[in-house]
**Q** 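Sharing a structure here in structure tokens format.
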Amino acid sequence: MTNSEIGGQLYLSINSVKTYIRAAYRKIEVTRRAQAVAWGMEHGLAPLSERQPVGV
């Protein structure tokens with residue numbers, strides 16, 4: 001999703017979204033969204049459509 005779409009879904013300003021994203025990037029030591037996606041995949045995160053339901 002774009003920053004604007006994220007803000008719309010969560011009722012946040014685009015600047016708040018950017019702040020949260022920058023903080024997350026710092027924590028996982030990346031600088032771009034593509035790097036963050038790669039980091040997530042390497043650490044076992046999957047898109048919502050690919051996740052198994054809890055308890056299965």
Side-chain angles (χ1 to χ4, degrees):
M1 296 174 76
T2 65
N3 290 349
S4 222
E5 291 170 333
I6 293 168
Q9 288 279 320
L10 301 175
Y11 304 101
L12 296 171
S13 73
I14 193 163
N15 288 329
S16 292
V17 172
K18 288 179 182 180
T19 298
Y20 289 126
I21 289 173
R22 273 193 306 269
Y25 286 0
R26 260 192 310 275
K27 287 181 182 182
I28 63 173
E29 299 177 343
V30 300
T31 57
R32 294 186 184 88
R33 192 169 297 218
Q35 292 172 321
V37 169
W39 183 95
M41 293 174 70
E42 289 170 7
H43 289 83
L45 300 177
L48 291 175
S49 61
E50 294 180 19
R51 291 187 184 172
Q52 293 291 326
V54 175
V56 173

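Only a predicted model underlies this, so the values are computations on that prediction, with no experimental measurement involved.
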**Q** Applying ring pair (Phe, Tyr, Trp, His ring centres under 6.0 Å) as the test, list every pair that has at least one member in residues 6-33; sequence neighbours left out.
**A** none
**Q** More than 12 non-hydrogen atoms from neighbouring residues, nucleotides or ligands closer than 6.0 Å to CD on Glu5, yes or no?
**A** yes
**Q** Identify, with sequence neighbours excluded, every residue that meets side-chain contact (heavy atoms from CB on, under 4.5 Å) alongside Thr19.
**A** Arg22
**Q** Could you state the interatomic distance from OG (Ser4) to CG (Leu12), rounded to the nearest 0.5 Å?
**A** 11.5 Å
**Q** Would you list the atom pairs, donor with acceptor, under 3.5 Å between side chains in residues 32-40 and any protein atom, with sequence neighbours excluded?
**A**
from	atom 1	to	atom 2	distance (Å)
Arg33	NH1	Met1	O	2.5
Arg33	NH2	Asn3	OD1	2.4
Gln35	OE1	Thr31	N	2.7
Gln35	OE1	Thr31	OG1	2.9
Gln35	OE1	Arg32	N	2.9

**Q** If hydrophobic clusters are built from ILVMFWY residues whose side chains come within less than 4.5 Å, do Ile21 and Ile28 share one?
**A** yes
